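Take a look at the structure set out below.
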Amino acid sequence: MKDKVLFVKDLKHYEGLELKEDMNCKFILTNFRIRICDIKNRELKSIDLKDIVNVGIISDKELIEKDRNVIARGVIGNVLFGGAGLVLGGLSGLQTKKKEQIVDYLIINYKENGEDKVINLYAKEFVLNDMVMKKLNYAIEMSKKDLRCPHCNAEINFEYVRCPKCGKKVNKSNKGKKILIGFIIFVVIVAFMQIIRVENMGNKELDIIMNAISVESEKAEEINNIFEEIGLDNIKEIKADSESLDGFEGVGSKGYRIKNDISDNIILYLDSENNVICIRYADKDYYRNGEVINKF
């Protein structure tokens with residue numbers, strides 16, 4: 001089966017190939033190998049992913065800080081860099097090489113006929129970014145796994161869609177499934193937060209009713225249910241106005257002024273047993289004698 005190209009980068013050669021220094025080349029990552037070609041797409045080097053020992057990107061800044069005298073070929077030859085044990089190779093001439101711009105080096109350590117080899121390529125800053133390394137490391141990691149067709153047990157590559165032996169699908173994309181799962185989780189979280197918000201709002205309004213009217217929770221819920229029926233929500237305050245409103249709806253009736261986002265003068269009338277007689281706003285009844293007349 002043909003290689004699947006994962007990405008292509010235009011780089012420059014530094015060391016490791018039979019190619020002049022600073023010559024342009026193409027770095028091609030496939031699901032099987034790394035291919036390095038010249039600008040006419042003629043292959044200069046092909047390295048199987050399973051033969052790659054280590055890869056890394058190192059900036060010119062890092063090499064300068066490390067001390068070019070140590071890196072130079074004439075002093076020590078191959079040098080280990082960092083905790084990953086990446087072999088930089090000679091990087092000959094780096095000590096005296098003048099650069100017009102900051103560059104990043106792509107270091108490839110690989111095995112060839114049992115011998116350790118190093119290829120150094122480079123590009124201007126930010127061309128060799130984190131995404132390049134993620135794809136490269138993932139491809140190398142997967143190439144070393146024993147992947148087999150679930151249908152015929154033939155060895156397969158991580159980018160195969162169909163098994164080359166039995167022809168059945170072996171790599172069904174789960175991108176859509178992941179998106180769906182993510183969407184479901186998002187909806188559940190939003191719904192849960194909404195439930196909590198509504199419950200908190202309800203508890204807050206019940207507390208306001210209980211404190212303002214001096215009733216038990218059961219009666220407060222009964223009054224709050226009527227508020228919900230007429231769309232009266234976001235209650236900030238309920239305040240008794242015995243001087244102006246008491247007795248207006250009959251002997252023993254009590255009047256309260258409700259404050260919310262709409263107004264601070266919504267009128268609530270209760271009878272002597274704290275049953276809702278009427279809810280009025282702007283000279284209009286919204287609830288009276290057990291019936292919803294209007295809604296906010």
Side-chain angles (χ1 to χ4, degrees), residues 126 129-135 137-138 141-142 158 169 171-296:
F126 304 124
N129 52 33
D130 289 341
M131 187 57 67
V132 169
M133 282 305 301
K134 284 180 181 178
K135 288 187 176 181
N137 281 322
Y138 177 73
E141 178 188 352
M142 295 302 294
F158 71 98
K169 286 187 176 182
N171 188 16
K172 297 178 182 179
S173 174
N174 60 356
K175 184 177 180 180
K177 185 184 293 185
K178 288 181 179 179
I179 293 174
L180 178 60
I181 292 172
F183 177 74
I184 291 172
I185 292 172
F186 172 76
V187 170
V188 169
I189 291 173
V190 170
F192 181 69
M193 291 178 66
Q194 181 68 11
I195 290 170
I196 293 175
R197 187 183 73 85
V198 170
E199 286 182 350
N200 288 338
M201 284 176 58
N203 291 336
K204 179 182 177 182
E205 291 174 348
L206 287 176
D207 288 341
I208 292 173
I209 295 170
M210 290 169 66
N211 292 330
I213 305 174
S214 298
V215 294
E216 298 297 329
S217 60
E218 185 176 345
K219 177 59 72 172
E221 287 182 13
E222 182 182 315
I223 296 172
N224 191 52
N225 288 338
I226 294 173
F227 289 170
E228 291 178 354
E229 285 185 56
I230 63 174
L232 178 56
D233 55 13
N234 295 325
I235 295 172
K236 305 291 191 299
E237 183 183 51
I238 300 176
K239 189 174 182 180
D241 187 353
S242 56
E243 185 176 342
S244 302
L245 301 177
D246 281 8
F248 190 84
E249 287 289 336
V251 178
S253 65
K254 299 174 290 185
Y256 299 83
R257 298 188 187 274
I258 299 173
K259 180 180 178 180
N260 73 347
D261 294 338
I262 298 173
S263 172
D264 58 0
N265 196 34
I266 300 169
I267 308 301
L268 167 67
Y269 290 106
L270 302 177
D271 64 18
S272 59
E273 296 181 357
N274 294 320
N275 299 310
V276 178
I277 300 171
C278 177
I279 299 174
R280 292 179 59 81
Y281 172 61
D283 296 326
K284 184 193 298 185
D285 285 348
Y286 281 74
Y287 181 90
R288 180 172 287 278
N289 298 325
E291 293 186 8
V292 175
I293 311 300
N294 291 291
K295 291 189 178 184
F296 287 93

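The structure displayed is predicted, hence computed values, not measured ones.
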Spacing of I279 atom CD1 and L268 atom CG [to the nearest 0.5 Å]: 5.5 Å
Under 3.5 Å: donor-acceptor pair, side chain of E205, backbone of N234: yes
Counterpart residues, salt bridge (charged side-chain N to carboxylate O under 4.0 Å, His left out), relative to E222 (two or more places apart): K219
Side-chain heavy atoms of E237 within contact of R257, under 4.5 Å: no
Minimal non-hydrogen separation, C278 against D285, with atom names: SG-OD1, 3.4 Å
Contact check, side chains of N129 and V132, non-hydrogen atoms, under 4.5 Å: yes
Rounded distance [0.5 Å steps], CD1 in I223 versus CG in L232: 12.0 Å
Distance-minimising heavy-atom pair for Y256 and I213: OH-CG2, 3.8 Å
pair V292-Y287: side-chain heavy atoms closer than 4.5 Å: yes
Nearest heavy atoms of I235 and N260, plus distance in Å: CA-CB, 4.0 Å
Flag side-chain contact, heavy atom, 4.5 Å: L206 against E221: yes
Heavy-atom side-chain proximity of K239 to D241 below 4.5 angstrom: no
Nearest-0.5 Å distance, CD1 of residue I267 to CZ of residue F248: 9.5 Å
Sub-4.5 Å side-chain heavy-atom contact between I266 and F296: yes
D271 versus E273, closest heavy-atom pair with distance: OD1-N, 2.9 Å
Flag if over 12 foreign heavy atoms under 6.0 Å of CG, D130: no
Passing candidate, side-chain contact (heavy atoms from CB on, under 4.5 Å) with Y269, options D246, I277, V276: I277
Straight-line distance of E216 CD to N274 CG, nearest 0.5 Å: 10.5 Å
Considering all heavy atoms, the nearest E229-K295 contact: O-CE, 3.2 Å
Side chain to side chain contact (heavy atoms under 4.5 Å, CB included) evaluation trace for I262 with Y281: CA-CA 10 Å; I262 298 173; Y281 172 61; 3.9 Å; yes
Polar side-chain atom of N211 near backbone of D207 as donor-acceptor pair, under 3.5 Å: yes
Partner set under salt bridge (charged side-chain N to carboxylate O under 4.0 Å, His left out) for D261, not counting sequence neighbours: K236
